[in-house]
Amino acid sequence: MALRAAATRSMFAGLAPPGLRRFCSTASANSFMPPPIAAMGNGEGTPGREQAPPSTNLFVSGLNKRTPSEKLREAFSQFGRVVDARVVTDRVSGYSKGFGFVRYATIEEAEKGRVGMDGKFLDGWVIFAEYARPRPERTPPQNMSNSNGYNSYGRE
DNA sequence: CCTGAGCGG
């Protein structure tokens, strides 16, 4: 039955997430192999590539360019209370950059949502959820003109 | 239109 082969290809041609190529670079697309969970033999010699510490801010990457923030919040609200969910869009082009940020109410929910949505499918694309890096929202750590000393760090 | 590594206003 050659018809079945054609039908199978047609099915995969509709929702073939190109994001899967990150798992297997030179592997056959016909074989399902587990992701190479890195080589844990470096110990602590991976500076720059270290993930951010646990926080309520979640960095979601691998999103579809047409995925709205509502879809993100809806998908992540299944694991916890999403305080804020935003898909990063460009100011000049106005289109999504392919990643977004999801802020949970507590770190526990953020952890559950991160593990629960990391490696899941969204709009036919494999998304990756990890902790966002501590980044100042407005006031830079430089120039302390204010005697208050309040730092608007997105932590917690 | 949005082609895909990536940390936003």
Side-chain angles (χ1 to χ4, degrees), chain A residues 9-30 32-39 42 44 46-77 79-146 148 150-156:
Chain A
R9 193 198 178 277
S10 197
M11 184 179 66
F12 275 97
L15 40 92
L20 285 177
R21 49 189 251 181
R22 299 173 64 189
F23 282 126
C24 37
S25 302
T26 54
S28 307
N30 216 9
F32 287 96
M33 53 163 57
I37 315 174
N42 262 354
E44 292 187 10
T46 48
R49 297 291 185 181
E50 194 73 16
Q51 290 181 236
S55 52
T56 51
N57 260 7
L58 252 59
F59 172 69
V60 187
S61 51
L63 293 172
N64 199 330
K65 304 230 174 156
R66 298 159 255 190
T67 302
S69 307
E70 290 78 37
K71 192 67 181 289
L72 243 179
R73 165 170 271 182
E74 186 181 352
F76 275 78
S77 61
F79 298 91
R81 300 181 187 180
V82 179
V83 180
D84 184 33
R86 174 194 298 105
V87 176
V88 178
T89 51
D90 193 84
R91 276 195 292 184
V92 291
S93 62
Y95 255 88
S96 315
K97 288 185 178 178
F99 56 90
F101 293 90
V102 178
R103 176 171 291 186
Y104 278 92
T106 56
I107 306 184
E108 299 175 342
E109 292 172 293
E111 168 72 17
K112 188 165 61 174
R114 188 207 115 218
V115 183
M117 287 300 299
D118 185 40
K120 290 305 190 308
F121 285 86
L122 190 63
D123 281 0
W125 284 75
V126 186
I127 67 178
F128 294 91
E130 50 182 82
Y131 298 110
R133 297 173 180 170
R135 176 172 268 229
E137 292 183 359
R138 271 300 175 90
T139 53
Q142 213 170 2
N143 183 16
M144 277 201 247
S145 299
N146 225 349
N148 287 338
Y150 273 95
N151 285 15
S152 300
Y153 278 92
R155 204 176 299 181
E156 184 192 17

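So that the names make sense, note that chain A is the first sequence line, chain B the second, and so on, each numbered from 1. Atom set for the values below is all heavy atoms of this structure, side chains included, hydrogens, waters and symmetry mates excluded.
Pairs of residues two or more places apart, or lying in two chains, that qualify as salt bridge (charged side-chain N to carboxylate O under 4.0 Å, His left out) and include a residue from residues 61-75 of chain A are A:K71-A:D123.
When each of B:dG6, B:dT3, B:dC7 is scored by its nearest atom to the side-chain atoms of A:F101, the top-ranked nucleotide is B:dC7. Of the candidates B:dC7, B:dG6, B:dA5, the closest approach to any side-chain atom of A:A132 belongs to B:dC7. When each of B:dC7, B:dT3, B:dG6 is scored by its nearest atom to the side-chain atoms of A:R66, the top-ranked nucleotide is B:dT3. Minimum atom distance to the side chain of A:R91 is reached by B:dG9, of the listed B:dG6, B:dG4, B:dG9. Counting only heavy atoms from C-beta on, A:F128 has its side chain closest to B:dG6 among B:dC7, B:dG4, B:dG6.
With the nearest nucleotide of DNA chain B identified for both A:G98 and A:F59, A:G98 has the one nearer the 5' end.
One atom, CD1 of A:I127, and another, P of B:dC7, lie 18 Å apart when rounded to the nearest Å. A:N64 places its CG atom 13 Å from the P atom of B:dC1, with the value rounded to the nearest Å. Summarising the geometry, the separation between CG on A:D90 and P on B:dA5 is reported as 18 Å, rounded to the nearest angstrom. Taking atom CZ of A:R103 as the reference point, atom C1' of B:dG9 lies 12 Å away to the nearest angstrom.
In B:dG4 the base sits anti relative to the sugar, since the glycosidic angle is further than 90° from 0.
Taking CG of A:D84 as the reference point, atom CZ of A:F101 lies at 11.0 Å (rounded to 0.5 Å). With rounding to the nearest 0.5 Å, the separation of OG in A:S55 from CZ in A:R133 is 12.0 Å.
By the salt bridge (Lys or Arg N to Asp or Glu O under 4.0 Å) test, A:K97 is found to be paired with no residue, residues two or more places apart in sequence or in another chain being considered. Legend: residues meeting salt bridge (Lys or Arg N to Asp or Glu O under 4.0 Å) with A:D118, ordered by chain and number and at least two apart, are absent. Qualifying salt bridge (Lys or Arg N to Asp or Glu O under 4.0 Å) partners for A:E111, counting only residues two or more places apart in sequence or in other chains: A:R114. By the ring-ring contact (aromatic ring centres under 6.0 Å, His included) test, A:F99 pairs with A:F59, sequence neighbours left out.
Within the structure, every side-chain polar atom (N or O) of A:K97 is placed at least 4.0 Å from both OP1 and OP2 of B:dG4.
Contact annotation for A:T89: backbone-only contact, meaning every heavy-atom pair under 4.0 Å involves sugar-phosphate atoms and none involves a base. Residue-level contact check: A:L58 touches neither bases nor backbone, having no heavy atom under 4.0 Å from any strand.
Both geometric conditions, a ring-centre gap below 5.5 Å and a plane tilt below 30°, are not fulfilled together for A:F99 over the base of B:dA5.
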Dot-bracket for DNA chain B, 5' to 3', Watson-Crick and G-U pairs with both distances under 3.5 Å, [ ] for crossing pairs, | for partner on another strand, reads .........
